[in-house]
Amino acid sequence: MGFSDDLARAVQQKRSPLVVGIDPRWDQLPEALREGGDGLAERAAAFREFSLGVIGAVEPHAAAIKPQVAFFEELGPHGMTALGDVIAAARAAGLPVIVDGKRNDIGSTAEAYARGWLGRGSAWGGDALTVSPYLGDDSLDPFVEVATDRGAGLFVLVKTSNPGGALWQDRVADGQTLYQSIGAHVQSLAVASLDECGYGAVGAVVGATYPRQLAELRELMPHVWFLIPGYGSQGGTAADVAAGFAADGLGAVVNSSRGVIFAYQRSEYVDRAASGHWTDCVAAAAADAVADLRRHTPAGRL
Ligand SMILES: O=c1ccn([C@@H]2O[C@H](COP(=O)(O)O)[C@@H](O)[C@H]2O)c(=O)[nH]1
C-alpha cells in the first residue's frame with residue numbers, strides 16, 4: 001500500500017477531493033501575524049504560524065495539503081526551516097503532503113532530489129512531489145524508483161493551468177501534442193506502479209483551466225491520479241473539473257490555494273465567521289469548496 005492508496009483513503013474518509021495549497025504571501029497575511037517585523041527570519045516565523053493555522057482550520061475538510069516551495073524558498077534558510085515544520089505539522093495532523101517543488105534534472109541529480117523529498121523517512125518527508133518531465137524519461141526514472149520503493153507518489157506536469165503552457169505543451173509532433181505524449185508515458189508509469197485502488201504512484205498535473213483537455217486526458221490515462229490546480233482564483237470552476245474524475249468520484253484531487261487560505265479578506269466570510277477569527281474564515285472557505293466540488297462533480301458519489 002503506497003501513496004496512491006493513502007490518497008484514495010483520505011478522499012473517501014473525508015468525502016472530499018479538495019487539496020488546500022499553502023502559498024503564504026507576506027502582504028496578504030493577517031495583520032496580527034505581521035506585527036513581529038518583516039526581516040527574513042520574522043517573515044518565516046509568520047509563514048510558519050499562518051501555515052499551521054491553515055492546517056488546523058482545513059484538516060476536517062481537505063484530503064491533502066500542497067505547500068508551494070517557492071514562497072518558503074524566497075525567504076532563504078529561515079523559510080526552508082519553516083517549510084520543514086509545515087510538512088511535519090500536516091503529517092502529524094494526518095494529512096498527506098504533496099510538495100509542490102516542480103523538481104527535476106539529469107538522472108543522477110534527479111536521484112538526489114527524489115531521495116531528499118520523497119517518503120516518510122526522507123529529509124523533507126513529503127508524501128508526493130510535483131516534477132517536470134521536460135528533461136526526458138531518464139530524468140523521471142529515479143523519481144519513480146524512489147517513490148515506489150518508499151510508498152510515495154509523484155505528480156508529473158502534463159497540461160499546466162497557465163495560458164503560456166500551451167506554447168510548448170500543445171505542439172504537435174508525430175500526430176500528437178506534447179501533453180498527450182507525456183500523458184501516455186505517465187499512464188505507462190502508473191500501470192507499472194499500481195496500488196490496490198487501481199491508480200499508480202505516478203500522477204499528473206492537469207489544469208482546471210483546460211476542461212476539454214482534462215476530459216481527453218482522463219480517457220487516455222485511466223490509472224493516473226490527477227492533481228488539478230487552477231480551480232478558484234485562476235477561474236476554473238467545479239463544472240470545469242468534473243471530467244477529471246472517474247465515475248466513482250476517485251481519480252482526481254482539486255487544489256485551491258488563495259481561494260481558501262486568504263478567505264478572511266473576503267467580506268462574505270468575515271460576515272459569516274462567528275468569532276471573526278481568520279482561521280474560521282479559512283475553514284468556511286474550505287467547507288464551501290468541498291460542497292461546490294461535491295455538487296458539480298462525481299466527487300458527490302463518494
Ligand atoms: O499547472 C499548474 C501547476 C501548479 N500550480 C500551482 O498551484 C497553485 C495554485 O494556486 P491558486 O492560488 O489556487 O491559483 C500554486 O501554488 C501554483 O504554483 C498551478 O497553479 N498550475
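Each ligand, and each atom within it, is numbered from 1 in the order the structure gives.
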Who's the nearest protein heavy-atom neighbour of [atom], and how far?
atom                    : answer
atom 9 (C) of ligand 1  : Q234 NE2, 3.5 Å
atom 13 (O) of ligand 1 : S257 N, 3.0 Å
atom 21 (N) of ligand 1 : S161 OG, 2.6 Å
atom 18 (O) of ligand 1 : Q68 NE2, 2.9 Å
atom 15 (C) of ligand 1 : D23 OD2, 3.2 Å
atom 5 (N) of ligand 1  : P229 CB, 3.8 Å

Review point. Can the ring centres of F3 and W225 be said to be less than 6.0 Å apart?
Key: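 No, too far apart.
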Compare every heavy atom of V20 with every heavy atom of A62, then report the nearest pair and how far apart it is.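 What the structure gives for the nearest pair is CB-CG2, 3.9 Å.
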- Winner among R258, K66, K102, Q169 once heavy atoms are compared against atom 8 (C) of ligand 1: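 Ranked by closest heavy atom to atom 8 (C) of ligand 1, first place is K66.
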Selection from D100, I22, L227 by shortest heavy-atom distance to atom 6 (C) of ligand 1
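It is D100 whose heavy atom sits nearest to atom 6 (C) of ligand 1.
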Exercise. So is N162 polar-close to ligand 1, meaning N/O to N/O under 3.5 Å?
Worked result: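 No; the residue has no nitrogen or oxygen that sits under 3.5 Å from a nitrogen or oxygen of the ligand.
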* Asked: Does any N/O atom on S256 come nearer than 3.5 Å to any N/O atom on ligand 1?
  ->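 No, S256 has no N/O under 3.5 Å of an N/O on ligand 1.
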So among V206, V205, T209, L178, which one has a side chain to side chain contact (heavy atoms under 4.5 Å, CB included) with K159?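 Going through the options one by one, the only one that passes is V206.
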- Query: Does R218 make a cation-pi contact with F245 (under 6.0 Å, within 45 degrees of the axis)?
  - Reply: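 No, a cation-pi geometry is absent between R218 and F245.
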Just jot down the ligand 1 atoms closer than 4.0 angstrom to any heavy atom of T160, in number order.
->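 Those qualifying, in numeric order: 1 (O).
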Distance check, rounded to the nearest 0.5 Å: Y134 atom OH versus K102 atom NZ?
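It is 12.0 Å, given to the nearest 0.5 Å.
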- Any ion pair linking R34 and D27 (charged N to carboxylate O, less than 4.0 Å)?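 Salt bridge flag = no for R34 with D27.
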Linking Ile, Leu, Val, Met, Phe, Trp and Tyr by side-chain heavy atoms under 4.5 Å, what else ends up with L167?
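ILVMFWY cluster around L167 also holds W168.
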Going by side-chain hydrogen bond (donor to acceptor under 3.5 Å, both in side chains), name the pairs with one or both residues in residues 64-79, residues two or more places apart or in two chains.
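Found K66-D100, Q68-D100, E73-R103.
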